[in-house]
Amino acid sequence: MVQINPSILSADFARLADEAQRVGGPEGADWLHVDVMDNHFVPNLTLGVPVVESLRKATDTPLDCHLMIEDPDRWAPQYVEAGAGSVTFHVEAAAAPVRLAREIRAKGARASMALRPATPIEPYEDLLPELDMLLVMTVEPGFGGQAFLDVMLPKIRRTRQLIDKHGLQLWLQVDGGVSASTIERCAEAGADVFVAGSAVYGADDPAAAVRALRERAEKVRGAQGGCAH
Ligand SMILES: O=C(CO)[C@@H](O)[C@H](O)COP(=O)(O)O
Ligand SMILES: [Fe+2]
């Protein structure tokens, strides 16, 4: 199943409730992607727990929180309590990723782990059953509107092969530079959850942009019979 998760990093932060609603509803966003940055793990600062709490009340679309922060072991559980349905931590920042994934799940959210572009998937093969989603970054984290890194396609493909080899159901998310001109390559490589910030909120009609992205990805995944490799 293809999922399209618009990133509110490219939305108007003074009108977040409206911006969330613009991409919601039938055929709209599957999840709203919320980029949390702390100016330590990445050189940018965005929002924190109180904003997630308010967003939760402002939309029915579930929240996919991407934590680009130091010490996720301490903070991630608070995002579950704030109402996130999925919490992604970076493996490079986590002290105890397995314990953290278990804590996120125990608190009732989906547990997800992200890899920066230079972090390989292979050392984490044995952790995959502990996760509900694996995020392969397709830009260096920190900013929206960057160019898609084609060099990440082999990692997406290898990750898909590992997921299938173990017969796992976890989702494979890509984030960074995903647009109408790159989503098909990501889908062909095996991704099934697509984050798009500027390609959605930079469009005149964000809801139409979500539908167009979904159509492109579904065409590829459908041609593969839902199995991408
Ligand atoms: O996590 C990040 C950036 O670090 C992303 O979620 C961006 O928000 C994606 O923006 P686009 O590359 O789609 O404009
Ligand atoms: Fe993100």
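From a predicted model like this one, the values you see are computed outputs, not experimental measurements. Every number for a ligand or one of its atoms is a count from 1 in the order of the listing. One-based numbering along the sequence shown.
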The Fe ion (ligand 2) - name of the N/O/S atom of [X] that sits closest to it:
{"X": "Asp35", "result": "OD1"}
{"X": "His66", "result": "ND1"}
{"X": "Asp175", "result": "OD2"}

Are Ser112 and Phe89 packed together at the side-chain level, in the sense that at least one heavy-atom pair is separated by less than 4.5 angstrom?
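Heavy-atom side-chain distance check fails, nothing below 4.5 Å.
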Would you call Met152 and Arg157 a side-chain contact if the rule is heavy atoms closer than 4.5 Å?
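No, side chains not in contact.
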Can you find a non-hydrogen atom of Val195 under 4.0 Å from ligand 1?
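Yes, Val195 has heavy atoms under 4.0 Å from ligand 1.
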Do any heavy atoms of Gly145 fall under 4.0 Å from ligand 1?
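Gly145 counts as a contact of ligand 1 under the 4.0 Å cut-off.
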Which atoms of ligand 1 sit under 4.0 Å from any heavy atom of [X]?
{"X": "Ala196", "result": "13 (O)"}
{"X": "His33", "result": "6 (O)"}
{"X": "Leu9", "result": "7 (C), 8 (O)"}
{"X": "Met68", "result": "1 (O), 4 (O)"}
{"X": "Phe143", "result": "3 (C), 4 (O)"}
{"X": "Met37", "result": "4 (O)"}
{"X": "Pro141", "result": "4 (O)"}

Using a plain distance cutoff, I'd like to know if His66 has any nitrogen or oxygen under 3.5 Å from a nitrogen or oxygen of ligand 1.
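In this structure, His66 places an N or O atom under 3.5 Å from an N or O of ligand 1.
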Check this for me - ligand 1, Gly176, N or O atoms closer than 3.5 angstrom, yes or no?
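Looking only at distances, the answer is no, because the N/O contact criterion of under 3.5 Å is not met.
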For [atom], grab the closest protein heavy atom and report residue, atom and distance to one decimal in Å.
{"atom": "atom 13 (O) of ligand 1", "answer": "Gly197 N, 2.8 Å"}
{"atom": "atom 14 (O) of ligand 1", "answer": "Ser198 OG, 2.5 Å"}
{"atom": "atom 4 (O) of ligand 1", "answer": "Gly142 N, 2.8 Å"}
{"atom": "atom 10 (O) of ligand 1", "answer": "Gly144 CA, 3.6 Å"}
{"atom": "atom 9 (C) of ligand 1", "answer": "Asp175 OD1, 3.5 Å"}
{"atom": "atom 12 (O) of ligand 1", "answer": "Gly177 N, 2.8 Å"}

Regarding Ser7 and Asp35, do their side chains bring together a donor and an acceptor under 3.5 Å, going by distance alone?
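Indeed, the side chains of Ser7 and Asp35 share at least one donor-acceptor pair under 3.5 Å.
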Test Gln173 against His66 for side chain to side chain donor-acceptor pair (under 3.5 Å), laying out the working first.
CA-CA 11 Å; Gln173 184 178 63; His66 176 196; over 6 Å; no
